[in-house]
Amino acid sequence: MPERRDLESRTRYEPAEVEPRIVRRWLDSGLFHPEPAGTAAENYSIAIPPPNVTGSLHMGHALNGAIQDVLIRHHRMRGQRTKWIFGTDHAGIATQTQVERRLLEEGTSREEIGREAFIRRAWEWREQYGSKIVNQFQRLGASADYEDERFTFDEAYVRAVMRVFVDLYEKGYIYRDRYIVNWDPGSRSAISDLEVAELEVDDVLYSIDYDLEGGGKVSVATVRPETMLADTAVAVNPQDERYRDLVGRTAVLPLVGRRLPVIADEYVKTDFGTGQLKITPGHDPNDFEIGRRHGLDVVTVIGEDGRMTAQAGERFAGLAVLEAREAVVEALEAEGRIAGREPHRHAVPFSHRSGKRIEPLVSLQWFMRMDELARPAIDAVESGRVRIHPEGQRQVYLDWMENIRPWCVSRQLWWGHQLPVWYRGEETYVQTTPPEGEGWERDPDVLDTWFSSALWPFATLGWPDDTPQLRAFYPTDMLSTARDILFLWVARMIMMGLEFAGDIPFEDVYVHSVIQAPDGRRMSKSLGTGIDPLDEIETHGADAVRFGLLAMSSTQDVRYSAEKIEQGEALANKLWNASRLILLGVDDAARPGPRPRTAEDRWILGRLIEARAHTYLSIDGFDFSRTALGLYSFVYGELCDWYLELVKPRLYEEDPDLSATLLYVLRETLALAHPVIPFVTEEIWSYLPEATDLLAGWRPDEPDRSLRDLDAEREVER
RNA sequence: GGGCGCGUAGCUCAGUGGGAGAGCGCUCGCUUCACACGCGAGAGGUCGCUGGUUCGAAACCAGCCGCGCCCACCA
């Protein structure tokens, strides 16, 4: 039990000294680990967006951690059984890349050591570095259930993933197809549409003449001349008067000599280029679709290694794509077929994962049909069972879901959930356990990381078993996340939750701000605009960082504001010193209790009720900047600047009623502020009389009163 | 091309029909028995532009200018 006298010398609040000590007390207390009991309706739970196991805490984590922790601590202190489901994601490509980089440094490679050894290395990596991000969340003060930590490669979790895959396969949603995919030469894997980002690029638009059999020619435009080697048709628009008589004729592909039918397809724009389009089903997504419509051959001249294949002909085979482009242009020029070239700026797909330019390739992959699963997930949002905040994001979700496309779920990686699929000759076997008999070979591919993430809210609770955890905490209450994974993750959780856990995974989705650099640019390591939240925590304290991030957040993106962090730091110190004044000034025997004797006593008690109503309402409304700034204004502007200044003379006169009132106001203020600034409030709490337990587990006297009561009380005060 | 959002004090932002505000910064003063991460006072804005609705507009509507983000299959 700390001695109050010790406060005399501690004239400044020192977060660096206090906070690690408090973290240890919290973790030792078991407060963050609820026993599963009761129903999800009466309990409160949030599943954390699982950080990458290789990651370290960035500003987005810090803000989202602060948001979730405010909600979690708020509900815990209002007496609800509260669980913040915590864990990490195996993060397929990100982790694999890290491990591969290390192997490279050792002068070897994943191919050289083989799959089994590689997986072992990845696990070692995880053992070594996986706890980093966990410690960082603890340093932030996140009151998650670390005793029940999950990993998407936990045995039980893997079982859930396999079960879902097999089930979807048996329902006919998952299928295998030879289809054009986004091939990422960087990670040497297919990736999904959502992992592709378009960037503006300056290219040259070449016009190339193809002869027509029986005389005449067509002129096609392309920024990728090297793909002409894989052309299998030329297309015009059926409405295009100019070319109506060309349809049905045959063009001859230069350099190759292949005969190309001239076809008619609505896709061709009459007002772009010449209105004559080369069709390359093997290397262009649109052309692939056109090819399917017209039954065209698919020729592949670019391989998965980004080099020209034997199909490209011996002049070009083996060349990298860009080398081939030059070589093809040169060869065409020699034949006098380059009819024109002009600069052309356009959007080009790049891999979000590796940064490499996407190579659309036809490849045998596993896909998941989404439209049927999307329907109930659309209903859930349209009916308001799932609410998305801010409102503007709701329509974005619905638009995307209405136009949802199949999801390529297979990845040519090693670090991931290997498909529960076996082949023997023409046979395919899909089950959670390997088939009987000889000669079966397992599909080497693994699942997209987001496939397992989609199960997060229920697979973490023991699904598919009917566990007490699942009954107590599913559905969760809310999900807090960044906008960029609304489709990648949130939409899929809603679909999977409805399909497999039988209910929506959460009632509210809160899409938080993206914190930009102070100059408005993206925070990024490569731009050098990143600010490390841990540095900020070291300098200003976790309370200050939490307060600052919450105070600067809003329903849109915001610039990082060092001033708001400093404001939080000032608040912590102010509260600390106000507490010193009270604790060192009141009678030793005094106990907290509202015993107003003067007008200012009644006034501050009224303001306290007002502040509580404001805090509760703003938290429930996900308006966290109001929560933070409201606390600041109550503590600074009302409690300290007015009330404490007014009562100082009485305090020195040893007024027992005042002592009781001061202790009461302090206790209630600490409880009110605790969800936002948990450290300083917990530290002060330890000096309060009767405060044997932790503030984090304390429940104010009337926690269950509804907000309506608070409002009514507020009216009375007026 | 479509969608969402933003433009209010030097900076970062709140404010949605009737008083133009907060934090930081700035100026002046005070204080050192809770706190200089302190206390008090103050300066500073034609609320992007234009038009409309209204007794009344920073707020509602339309257009324009500027900026950001998301989605999208024009080679």
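So that the names make sense, note that chain A is the first sequence line, chain B the second, and so on, each numbered from 1. Hydrogens, waters and symmetry mates are skipped; everything else that's a heavy atom, side chains included, is used.
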**Q** So Glu566(A), base contact, sugar-phosphate only, or nothing? Heavy-atom distance under 4.0 Å.
**A** nothing

**Q** How would you list, by chain and number, every residue that makes a salt bridge (charged side-chain N to carboxylate O under 4.0 Å, His left out) with Glu600(A), sequence neighbours excluded?
**A**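 For Glu600(A) the salt bridge (charged side-chain N to carboxylate O under 4.0 Å, His left out) partners, ignoring immediate neighbours, are Arg650(A).
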
**Q** Counting heavy atoms from C-beta on, name the nucleotide in C37(B), A34(B), A72(B) closest to the side chain of Glu569(A).
**A**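 Side chain of Glu569(A) sits closest to C37(B).
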
**Q** Which value, in whole Å, describes the distance between the P atoms of nucleotides G56(B) and G40(B)?
**A**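 Those two atoms are separated by 41 Å.
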
**Q** Which part of the nucleic acid, if any, lies within contact of Gly548(A), taking any heavy atom under 4.0 Å across all strands shown: a base, the sugar-phosphate backbone alone, or nothing?
**A**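 No contact.
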
**Q** By nearest atom, which of the nucleotides G38(B), A75(B), C37(B) is closest to the Arg12(A) side chain?
**A**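 Side chain of Arg12(A) sits closest to C37(B).
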
**Q** Closest approach to the side chain of Tyr636(A), judged atom by atom: which nucleotide of C35(B), A75(B), G38(B) is it?
**A** G38(B)

**Q** Hey, is the side chain of Lys574(A) pairing donor to acceptor with the base of C35(B) inside 3.5 Å?
**A** yes

**Q** Centres of the Tyr179(A) and Phe288(A) rings: under 6.0 Å?
**A**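 Yes - the distance between ring centres of Tyr179(A) and Phe288(A) falls below the 6.0 Å cut-off.
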
**Q** Considering only G40(B), A34(B), C35(B), which nucleotide approaches the side chain of Leu581(A) most closely?
**A**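 Selected nucleotide: A34(B).
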
**Q** With the side chain of Tyr632(A) defined as its heavy atoms from C-beta on, choose the nearest nucleotide among G23(B), C35(B), C70(B).
**A** G23(B)

**Q** Any pair with a residue in residues 290-299 of chain A that passes side-chain hydrogen bond (donor to acceptor under 3.5 Å, both in side chains), sequence neighbours left out, goes on the list, sorted by first then second residue, please.
**A**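 Every side-chain hydrogen bond (donor to acceptor under 3.5 Å, both in side chains) pair that includes a residue of residues 290-299 of chain A, provided the two are not neighbours, is Asp177(A)-Arg292(A), Asp265(A)-Arg293(A), Asp265(A)-His294(A).
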
**Q** Let's see if you can work this out: which of A34(B), A72(B), G23(B) has an atom nearest to the side-chain heavy atoms of Arg405(A)?
**A**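 The answer is A72(B), which lies nearest to the side chain.
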
**Q** Answer yes or no: side-chain N or O of Lys648(A) and base N or O of A34(B) forming a donor-acceptor pair under 3.5 Å.
**A** yes

**Q** What contact category does Val268(A) fall into here, base, sugar-phosphate, or nothing, at under 4.0 angstrom with non-hydrogen atoms?
**A** base

**Q** Assess whether one donor atom and one acceptor atom, taken from the side chain of Glu8(A) and the base of A34(B), lie less than 3.5 Å apart.
**A**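 Per atom types, no contact qualifies.
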
**Q** Paired with C28(B): which nucleotide, if any, by Watson-Crick or G-U wobble criteria at under 3.5 Å for both distances?
**A**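 Partner of C28(B): G40(B).
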
**Q** To the side chain of Asp641(A), which of A75(B), C35(B), G40(B) is closest?
**A** G40(B)

**Q** Under 3.5 Å, which protein N or O atoms sit close to an N or O of nucleotides 5-15 of chain B? Give each pair with its distance.
**A**
{"from": "G5(B)", "atom 1": "O2'", "to": "Gln556(A)", "atom 2": "OE1", "distance (Å)": "3.0"}
{"from": "U12(B)", "atom 1": "OP1", "to": "Arg559(A)", "atom 2": "NH1", "distance (Å)": "3.2"}
{"from": "C13(B)", "atom 1": "OP1", "to": "Arg559(A)", "atom 2": "N", "distance (Å)": "3.3"}

